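Following: one structure in structure tokens, then a few remarks.
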Amino acid sequence: MDFITIPCHESLRPFVRNYWMLSSWCTGTGTQQIFSNGAASIHFYLSQDVRLDNSDRHYRTVLFHQNIQKVGVDTVEGKFDIFGAEFVPFCSRVFFPNEMAGLYTSPEELHDEEFTTLSKSIYEAESKEERIALLDDFFLKRLQRFPEGDINMERLSNVFDNMVPTDSSTAHPPHSQNEFSPSDLASTACLSQKQFTRIFNKYVGMNPKSYLRLLRFHKALMAIQSSADNSSLTNIAWSCGYYDLAHMTSDFRDISGFSPSELIRQGQGLTEAFGQKFSGLMKKKIKIENMI
């Protein structure tokens, strides 16, 4: 199984984290469990249609919205190649301004003819380079339409620079750092908590409390993965702001579908995805079944 990240056009980097490709082979029917990092992303399933969360519908192109929920991607035996893009958490509206309901949607469900045309062109492309050029062109054209001086984008940029730096060269705040609260974030944005929550929901896709919960989960996951001295899960739970291990375990199950111990046992079965450095490893993870 091969995974690579690909830089987007320089003009897009304030808004798009990166493009990426995953190439593998499914040796049988399986479910790839994806859990979120709070950023929207596009998946172009190049080699087979997929079902999401055991639904009856099959998808070839999916825009995953920002959400704290996990998603099951059902695959069948055969080649499994994905080309995709991931956005900076509050920037997907730059390219997809319409309100979106639910956790994921297709170009057809969005009634977005340009997105539908892009999807067809991506599948017909004969090389990775051609797909990159198509995606760059699509995003650059949409970026030109976005109104300049969006004050809410500037506010959220300041908030995320303090909470989860969007510069991929900047490390994530250490897990011992004091926890943020929704009121802290509202103060950074110079807004009332009610105003800030409304704007955060609109641009990020979840409320500030849910995002901070997701951030805490990833801080704990990073601490577990990087623990060189086999620190106890209880100590990690306390250091990451959980009341106790039971609360951390409950959060892990809600967000990823696994307990901390189960994730540790997965080992190499968890594949990093969608960016190599962003926010100190705060990335989507995929639980791989029957894939090589």
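Start at 1 with the first residue, then count along the sequence. A quick note: this is a predicted structure, and the numbers were derived from the prediction, not measured.
- Looking only at atom types and distance, the side chain of Ser181 has a donor-acceptor partner in the side chain of Asp184 under 3.5 Å away.
- Phe160 and Phe90 have tilted rings, their planes meeting at an angle from 30° to 60° on a 0 to 90° scale.
- Salt bridge annotation for Arg142-Glu114: present, with a cationic side-chain nitrogen under 4.0 angstrom from a carboxylate oxygen.
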_Test log, rule ring pair (Phe, Tyr, Trp, His ring centres under 6.0 Å), inputs Phe15 and Phe146_ = CA-CA 12 Å; Phe15 312 97; Phe146 190 74; 7.3 Å; no
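- Ring geometry for Phe139 against Phe87 counts as perpendicular: the plane angle is over 60°, on a 0 to 90° scale with 30° as the lower cut.
- Judged by distance alone, the side chain of Arg131 and the main-chain N or O of Ile122 form a donor-acceptor pair under 3.5 Å.
- Shortest non-hydrogen contact noted between Ala186 and Gln193 is CB-CA, 3.9 Å.
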_Determine whether Tyr45 and Thr75 satisfy the following criterion, side-chain hydrogen bond (donor to acceptor under 3.5 Å, both in side chains), listing intermediate values before the conclusion._
CA-CA 11 Å; Tyr45 295 97; Thr75 58; over 6 Å; no
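- Of the residues Asn201, Asn207, Leu156, Asn152, the one that meets the side chain to side chain contact (heavy atoms under 4.5 Å, CB included) test with Phe196 is Leu156.
- Under the 4.5 Å side-chain contact rule for hydrophobic residues, Phe217 and Trp238 do not share a cluster.
- Phe252 and Phe258 have their aromatic ring centers separated by at least 6.0 angstrom.
- A distance below 6.0 Å separates the ring centres of Trp20 and His43.
- Ring pair Tyr104/Tyr59: centre-to-centre distance below 6.0 Å.
- In this structure, the side chain of Asp81 does not engage the main chain of Leu46 through any donor-acceptor pair within 3.5 Å.
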